Amino acid sequence: MRMPDLATPLIAWFRHNARDLPWRAPDFGAWGVLVSEFMLQQTPVTRVVPRLEEWLTRWPTPAALATEPPAEAVRQWANLGYPRRALWLHRAAVEIAERHGGVVPRDVDALLALTGIGDYTARAVAVFAYGDRHPVVDTNTRRVIARAVGGCAQPNPPSPRDLVAMSTLLPDGDDDAAVVNAAAMELGALVCTARAPRCESCPIADRCAWRAAGYPDTGDTRRRQARYEGSDRQARGAVMKVLRDAAPEPVAAMTAIPDWPDPRQRDRAIDSLIADGLIEASDGLLHLPR
DNA sequence: TAATCGTGGCC
DNA sequence: TGGCCAAGATT
């Protein structure tokens, strides 16, 4: 099966339809891109934008963040969710200060060696901050490729094959690689969405394998998210909120979420947060990590 | 490989 | 209203 040229229409579409997002400013910098990618891991764009501005105003460089205790990163993270990302971003900043002279590395393997950076984030930084040619594959891109190339309604679970598939869509030179990567993501976010895709305004509809096949329901391998209400995650989130709001003052362990319906679950949440390094305990008091 | 990990908006 | 979804990484 020959691969249709998707890059050309994607580039043209992106030039006219890309959202004006802060990290797309030409002088935004590698640190800003790195912070934005951490925040964007599973958190919607609209919630990230204001927090990102605050973060970069307070810590304009990795070294600035590295001089602060992790507690400040966790507190500044606020309600973005998955607070371990704040901890990992702080660790990454320390590693960048110590191992890379305070400069966000450009090499993908060096980026992958940083705490909290995986296949997606490493390549996103190398491509969007430095303009190098690598495949950048997020959940949007996987869905676009699954439909346009694979003819399936939904992507398979993430796999190294995704990187190969995206590579074949990139133009040869470095110049447009970043645009095509960003365009595939943007198309998935705005047009080729998970629910109710807007195929009537899709720039590659005329070469979409899923459309050509008549939009078959190819099944759905996704697993349902666990219920949040009443979960350990909810208990952990409640504990973290109490400690964030109290910081820098510590909180007595017995009074953290005192009215939680299940005391055993509350204790389990506290223990797991300590194990994760998100909180610390001393003399029966809980506080954010110093 | 599969489970785990927050939070909030949307339909 | 409750399930689905959101620029993933780690273990």
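A, B, ... follow the sequence lines: proteins, then strands. Residue 1 opens every chain. Nothing here was measured: the structure is a model prediction, and the numbers come from that model.
- Using a 4.0 Å heavy-atom distance criterion, A/Pro83 is classed as a sugar-phosphate-only contact.
- Minimum atom distance to the side chain of A/Arg24 is reached by C/dA7, of the listed B/dG6, C/dA7, C/dC5.
- For A/Gln42 and B/dC5, a side-chain-to-base donor-acceptor distance below 3.5 Å is absent, hydrogens and geometry of angles not being considered.
- Without hydrogens or angle criteria, A/Arg85 side chain to A/Gly81 main chain gives a donor-acceptor distance under 3.5 Å.
- Listed candidates were C/dG8, B/dG6, C/dG3. Nearest to the side chain of A/Arg195 is C/dG3.
- In terms of modelled atom types and a separation under 3.5 Å, the side chain of A/Thr255 and the main chain of A/Pro258 share no donor-acceptor contact.
- A donor and an acceptor atom never sit less than 3.5 Å apart when one is taken from the side chain of A/Arg47 and the other from the base of B/dG8.
- Using a 4.0 Å heavy-atom criterion, one finds that A/Arg123 contacts no nucleic acid atom at all.
- Counting non-hydrogen atoms under 4.0 angstrom, A/Tyr228 reaches a base of the nucleic acid.
- As judged by a 4.0 angstrom heavy-atom cut-off over every strand, A/Thr193 is placed among residues making no nucleic acid contact.
- Taking only side-chain atoms of A/Arg19, from C-beta outward, the nucleotide of C/dA7, C/dG3, C/dG8 with the closest atom is C/dA7.
- Within the 4.0 angstrom heavy-atom criterion, only backbone atoms of the sugar-phosphate kind lie near A/Arg227; the bases stay farther away.
- Looking at A/Ser167, its side chain does come within 3.5 Å of a backbone N or O of A/Leu163 through a donor-acceptor pair.
- Comparing atom distances between the A/Asp138 side chain and each of C/dG8, B/dT7, B/dC5 picks out C/dG8 as nearest.
- No hydrogens or angles were tested; on distance alone, nothing pairs the side chain of A/Thr46 with the base of B/dG9 as donor and acceptor under 3.5 Å.
- Contact annotation for A/Trp77: no contact, since no heavy-atom pair falls under 4.0 Å across all strands.
- If you check every strand for non-hydrogen atoms under 4.0 Å, A/Asp119 touches sugar and phosphate atoms only.
- Counting non-hydrogen atoms under 4.0 angstrom, A/Leu273 reaches nothing in the nucleic acid.
- Atom CD1 of A/Ile270 and atom CD of A/Gln265 lie 11.0 Å apart (nearest 0.5 Å).
- Residue A/Ala226 is the one, among A/Gln234 and A/Ala226, whose nearest nucleotide of DNA chain B lies closer to the 5' end (criterion: closest heavy atom).
- Side chain of A/Arg142 to backbone of A/Val137: no donor-acceptor contact under 3.5 angstrom is found.
- Checking A/Gly81 against A/Arg223, the closest nucleotide of DNA chain B that is more toward the 5' end is the one next to A/Arg223.
- Using P as the reference atom, B/dG8 and C/dA9 are 23 Å apart when rounded to the nearest Å.
- Ring centroids of A/Tyr215 and A/Trp210 are separated by less than 6.0 Å, placing the two rings close together.
- Taking the P atoms as reference points, B/dC5 lies 22 Å from C/dA7, given to the whole Å.
- In the set C/dC5, C/dG8, C/dT10, the nucleotide with an atom closest to the side chain of A/Tyr120 is C/dG8.
- At the heavy-atom level, A/Gly118 lies under 4.0 Å from the strands shown only through sugar-phosphate atoms.
- Across all strands, A/Arg84 comes closer than 4.0 Å only to sugar-phosphate atoms, never to a base (heavy-atom distances).
- As judged by a 4.0 angstrom heavy-atom cut-off over every strand, A/Leu80 is placed among the base-contacting residues.
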